[in-house]
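Scroll down for the structure; my scribbles are underneath it.
Everything numeric here is computed off the predicted structure, so don't read it as measured data.
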Amino acid sequence: MRATSISLLLLSVLVAGCAGNQSAQQAGDTRFVAGDGKMEVFAAGEREPAPAIQGPTLEGDTASLAAHKGKVVVLNFWASWCGPCRAEAPVLKEVAAKTKDGGVAFLGVDFKDRQADALAFERTEQTGYPSIFDQPGKVALAFQGTVPPAAIPSTLIIDKQGRVAGRALGAVKYTDLMNAVTKVRDE
């Protein structure tokens, strides 16, 4: 029962938080939890194993963390309705392109979204990496007990050993993401 309660609580935080606050609602689309985008990198001895996640991509293939074993993986939780997700998309695209040949893989997780809207977002942004279509939020819930994403957008860095090495809540900034990815990659 406790695990179920924690799962429901995490899902509630992610979904309810997407409603935004009153002042933000007056400014426009607010279905996200704001964060400062600061990337926190965890000491190697403090890292928790990432769960074995997989799911259908927006294009109908299957993507998983296991497919990138031995690589650093940047896992970005996003949604087409999230303004900060749109704002950070060029940053993620650029860092993904610059680190691809250095043993870093990017994987998106489209959270609580309509597939048609998510596909339109992907066509516009042309990220260059796949996204798992996670309409029910199961991928985010899989991180319960480790380092949950806890906001939309959220970015997790998984190290070469498959452990959660870093997390940012909110839209990431280029320098912060590039520095964190490089640090984890070069360990």
Side-chain angles (χ1 to χ4, degrees), residues 14 32-44 46-51 53-55 57-59 61 63-111 113 118-134 139-140 142-143 146-187:
L14 285 168
F32 63 91
V33 172
D36 63 6
K38 181 182 174 196
M39 182 61 69
E40 178 182 9
V41 177
F42 308 114
E46 298 174 7
R47 296 177 185 170
E48 297 286 331
I53 62 160
Q54 71 173 21
T57 65
L58 289 168
E59 294 78 20
D61 297 323
S64 69
L65 278 180
H68 304 290
K69 186 176 181 178
K71 290 185 175 185
V72 170
V73 179
V74 176
L75 193 61
N76 177 257
F77 291 80
W78 64 276
S80 66
W81 42 257
C82 164
C85 299
R86 287 188 295 274
E88 77 173 354
V91 168
L92 293 161
K93 179 180 178 176
E94 187 173 351
V95 174
K98 287 185 175 183
T99 59
K100 183 177 183 179
D101 293 335
V104 178
F106 276 61
L107 180 60
V109 180
D110 178 39
F111 178 82
D113 210 349
L119 285 166
F121 178 95
E122 285 284 308
R123 278 192 302 275
T124 301
E125 299 302 333
Q126 299 180 11
T127 61
Y129 53 86
S131 284
I132 293 173
F133 180 58
D134 188 34
V139 173
F143 282 90
T146 61
V147 182
I152 300 295
S154 283
T155 303
L156 301 177
I157 299 175
I158 312 301
D159 68 15
K160 295 173 190 173
Q161 291 77 36
R163 302 171 301 177
V164 181
R167 176 177 77 170
L169 303 177
V172 294
K173 295 165 187 64
Y174 176 85
T175 302
D176 292 344
L177 181 59
M178 181 61 93
N179 289 345
V181 168
T182 302
K183 179 179 181 176
V184 173
R185 182 197 65 199
D186 293 346
E187 292 177 335

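Distance check: Phe77 CZ to Leu169 CG gives 11.0 Å after rounding to the nearest 0.5 Å. For the atom pair CD1 (Ile132) and OG (Ser64), the distance works out to 7.5 Å, reported to the nearest 0.5 Å. The CD1 atom of Ile158 sits 15.0 Å away from atom NZ of Lys71, with the distance rounded to the nearest 0.5 Å. To the nearest 0.5 angstrom, Phe42 atom CZ is 8.5 Å from Glu46 atom CD.
Contact of the Arg47 side chain with the Val164 side chain is not registered, since no non-hydrogen atoms from C-beta on lie closer than 4.5 Å. Two residues are said to be in side-chain contact when any heavy atoms from C-beta on lie closer than 4.5 Å; Val109 and Trp78 fail this criterion. Looking only at side-chain heavy atoms (C-beta outward), Cys85 and Ile152 come within less than 4.5 Å of each other. Within the 4.5 Å cutoff, side-chain heavy atoms of Phe143 are placed close to those of Leu75. For the pair Leu92 and Thr127, the minimum side-chain heavy-atom distance is 4.5 Å or more. At least one side-chain heavy atom of Val74 sits under 4.5 Å from a side-chain heavy atom of Val181. Ser131 is not listed as a side-chain neighbour of Thr57, based on a closest heavy-atom distance of 4.5 Å or more. Inter-residue side-chain proximity for Arg86 and Thr124 is flagged as unmet; no heavy-atom pair is nearer than 4.5 Å.
Within the structure, salt bridge (charged side-chain N to carboxylate O under 4.0 Å, His left out) contacts touching residues 88-105 (residues at least two apart or in different chains) are Glu94-Lys98.
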What do the steps show when you test Val139 against Phe111 for side chain to side chain contact (heavy atoms under 4.5 Å, CB included), and what is the final call? CA-CA 9 Å; Val139 173; Phe111 178 82; over 6 Å; no
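The main-chain N or O of Lys38 is never found under 3.5 Å from a side-chain atom of Lys173 such that the two would form a donor-acceptor pair.
Scanning all heavy atoms of the two residues, the minimum distance from Arg163 to Ala44 falls at NH1-O, 3.2 Å. The nearest pair of heavy atoms linking Ala140 to Asp134 is N-OD2, 3.7 Å. Taking every heavy atom of both residues into account, Val172 and Leu177 meet most closely at CG2-CD2, 3.9 Å. Annotation for Asp110 and Ala79: closest pair OD1-CA, 3.6 Å, computed over non-hydrogen atoms. Contact detail for Tyr129 and Glu122: the closest heavy-atom pair is O-OE1, 3.9 Å. Taking all atoms of both residues into account, the shortest heavy-atom contact from Leu65 to Ala50 is CD1-CB, 4.0 Å.
For Asp176, there are no side-chain hydrogen bond (donor to acceptor under 3.5 Å, both in side chains) partners, not counting sequence neighbours. Ala89 pairs by the side chain to side chain contact (heavy atoms under 4.5 Å, CB included) definition with Phe121, Glu125, not counting sequence neighbours.
Shown here is Lys183, whose NZ atom has no more than 12 heavy atoms of other residues, nucleotides or ligands within 6.0 Å.
For the residue pair Thr155/Asn76, the side-chain donor-acceptor check at 3.5 Å is satisfied.
The side chain to side chain contact (heavy atoms under 4.5 Å, CB included) with Val104 is formed by just one residue from the set Ile157, Val184, Thr99, Thr182; it is Thr99.
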